[in-house]
Amino acid sequence: MPELPEVEVVRRGLERWASGRAITDVEVRHPRAVRRHTAGAADFAARLRGHRFGPARRRGKYLWLPLDDPGVCVLAHLGMSGQLLIQPAGAPDERHLRIRVTFADPAGGELRFVDQRTFGGLSLHRELVVPDSGALPDVIAHIARDPLDPLFDERAFHTALRRRRTTVKRALLDQSLISGVGNIYADEALWRARLHYERPTASLTRPRTTELLGHIRDVMNAALAAGGTSFDSLYVNVNGESGYFERSLDAYGREDEPCRRCGTPMRRRPWMNRSSYYCPRCQPPPRPRRTVPVAPGKAGTRNVSRRPGK
DNA sequence: AGGGTAACCTGTATGC
DNA sequence: TGCATACAGGTTACCC
């Protein structure tokens with residue numbers, strides 16, 4: 001369950017049902033579910049066995065559980081279809097069960113990683129203490145803080161947007177600029193901010209950036225309060241329950257339905273091998289940044305977006 | 001250097 | 001019914 005609110009729902013479940021428990025065994029049923037571990041699945045299992053999970057952490061869409069083996073942690077990414085479930089030991093195996101973790105207190109259930117598309121997985125890493133960044137797994141050092149992180153640096157984010165020569169939705173999905181935002185919440189926040197997804201980031205003023213970030217936080221907090229967004233049984237919490245934020249979506253998945261602000265039919269456009277949903281009236285496409293040079297002798301070429309100061 | 005695209009997978013929905 | 005195609009909430013390697 002991919003974006004920040006859904007991952008946070010899972011983190012809370014792990015914190016409650018997995019943290020503090022001692023691991024007795026790990027069964028890897030699909031080799032690809034263990035990521036970036038050259039020593040292989042058997043070694044992965046051996047390094048977990050006998051250790052205890054610490055508190056559940058999250059940055060953006062990544063989750064991790066430190067082990068009582070100091071400086072070592074288990075990192076999880078759900079990809080497009082991954083689930084972390086706490087199941088009674090006797091429950092029938094799910095069709096796409098990839099990894100099973102059993103504990104010294106079996107009455108508390110076992111932890112299962114289930115993943116239809118195998119874009120997600122678990123991996124084992126060193127947890128580094130980065131002076132300015134807190135403790136986080138070494139391989140996600142490039143992942144930016146997420147908008148719900150109290151230490152998210154809004155000023156630096158805005159500076160980065162101004163410097164980039166890209167469009168606003170691309171930037172929102174760039175996990176090295178801001179993490180946790182995916183296709184759904186990007187479309188929702190852009191709709192709320194009345195910004196077209198192809199708006200150049202360099203054209204955003206500081207107040208616009210502040211406003212956009214406010215909408216991202218609002219929609220994510222609202223989704224979190226509703227248990228996340230679920231379209232089907234693929235996206236569930238650790239107890240297998242769906243969130244119900246889908247009914248509150250204003251943009252995502254609403255092609256041809258009336259904009260909840262102005263009534264204009266919403267549109268869907270193919271975008272980066274997926275879709276963007278927007279209101280053509282509330283979120284008009286940006287004007288081209290540069291005018292085509294006029295023929296010599298004509299009135300003058302006007303450059304609409306000359307950058308201020310040299 | 002940084003932006004943009006294709007690939008990694010399995011399943012479901014839709015149209016012919 | 002069968003078959004082909006499009007699409008799905010993410011990330012990465014690799015083009016240019």
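Chain A is the first sequence line, chain B the second, and so forth, proteins listed ahead of strands; every chain is numbered from 1. The basis for the numbers below is simple: all heavy atoms, side chains too, and nothing from hydrogens, waters or symmetry mates.
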Salt bridge (Lys or Arg N to Asp or Glu O under 4.0 Å) with Asp25(A): which residues, sequence neighbours excluded?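 With neighbours one apart ignored, the set is Arg49(A).
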
By side chain to side chain contact (heavy atoms under 4.5 Å, CB included) - contacts of Arg100(A) (at least two apart):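 Partners of Arg100(A) under the side chain to side chain contact (heavy atoms under 4.5 Å, CB included) test: Glu27(A), Arg29(A), Asp93(A), Leu97(A), Thr102(A), Glu110(A), Arg112(A).
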
Residues that Arg247(A) engages under side chain to side chain contact (heavy atoms under 4.5 Å, CB included), provided they are two or more places apart: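 With sequence neighbours excluded, Arg247(A) shows a side chain to side chain contact (heavy atoms under 4.5 Å, CB included) to Tyr244(A), given in chain and number order.
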
To the nearest Å, how far apart are [X] [atom1] and [N] [atom2]?
X	N	atom1	atom2	result
Gln116(A)	dA8(C)	CD	C1'	9 Å
Gln83(A)	dG10(C)	CD	C1'	16 Å
Met272(A)	dG10(C)	CE	P	10 Å
Phe119(A)	dA13(C)	CZ	C1'	14 Å
Arg170(A)	dG10(C)	CZ	P	15 Å
Phe231(A)	dG10(C)	CZ	P	11 Å
Asp187(A)	dA8(C)	CG	P	11 Å
Leu224(A)	dG9(C)	CG	P	20 Å

Euclidean distance for [atom1], [N] against [M] (whole angstrom):
N	M	atom1	answer
dT5(B)	dC7(C)	P	16 Å
dC14(C)	dC9(B)	P	15 Å
dA6(C)	dA6(B)	P	14 Å

Side-chain H-bond candidate by donor/acceptor type, [X] with [Y], under 3.5 Å:
X	Y	result
Glu154(A)	Thr210(A)	yes
His96(A)	Asp115(A)	no
Tyr62(A)	Ser179(A)	no
Arg32(A)	Thr118(A)	yes
Tyr278(A)	Glu198(A)	no

With a cut-off of less than 4.0 Å, is there a side-chain N or O of [X] near OP1 or OP2 of [N]?
X	N	answer
Arg274(A)	dG10(C)	yes
Ser275(A)	dA8(C)	yes
His77(A)	dT11(C)	yes
Tyr252(A)	dG9(C)	yes

More than 12 heavy atoms of other groups within 6.0 Å of Arg35(A) CZ: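 Yes, because the 6.0 Å sphere around CZ of Arg35(A) holds more than 12 heavy atoms from other groups.
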
Where does DNA chain B pair, written as one dot-bracket string 5' to 3', with Watson-Crick or G-U pairs under 3.5 Å, ( ) inside the strand, [ ] for crossing pairs and | for another strand? .|||||||.|||||||

Once you apply a heavy-atom cut-off of 4.0 Å, does [X] come out as touching a base, just sugar-phosphate, or nothing?
X	answer
Arg163(A)	nothing
Arg95(A)	sugar-phosphate
Asn273(A)	base

Along DNA chain B, 5' to 3', what are the outermost nucleotides having an atom less than 4.0 Å from a heavy atom of chain A?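 Going 5' to 3' along DNA chain B, contacts run dG3(B) to dG11(B).
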
For Thr205(A), is there any backbone N or O sitting under 3.5 Å from a side-chain donor or acceptor partner on Thr209(A)?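 Judged by distance alone, yes, a pair lies under 3.5 Å.
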
Derivation of the side-chain contact (heavy atoms from CB on, under 4.5 Å) call for Leu75(A) and Leu124(A): CA-CA 6 Å; Leu75(A) 179 68; Leu124(A) 200 57; over 6 Å; no

From the options dA8(C), dG9(C), dT11(C), select the nucleotide whose nearest atom is closest to the side chain of Lys61(A).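 Of the candidates, dT11(C) comes closest.
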
Between dG9(C), dA8(C), dT12(C), which nucleotide gets closest to the side-chain atoms of Tyr62(A)?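 So the nucleotide nearest the side chain must be dT12(C).
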
Of the residues in residues 173-182 of chain A, which ones touch DNA chain B at a heavy-atom distance under 4.0 Å?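 Listed by number, there are none.
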
Between Asp232(A) and Ile143(A), just flag the one whose closest nucleotide in DNA chain C comes earlier from the 5' side.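 Checking each residue's closest nucleotide, the 5'-ward one belongs to Asp232(A).
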
Only one of Phe231(A), Phe245(A), Trp191(A) passes ring pair (Phe, Tyr, Trp, His ring centres under 6.0 Å) with Tyr252(A); say which it is.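 For Tyr252(A), the ring pair (Phe, Tyr, Trp, His ring centres under 6.0 Å) check succeeds only for Phe231(A).
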
Determine whether Leu14(A) and Phe53(A) make a side-chain contact, defined as any pair of heavy atoms from C-beta on separated by less than 4.5 Å.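 A side-chain contact is absent here, since even the closest heavy-atom pair is not under 4.5 Å.
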
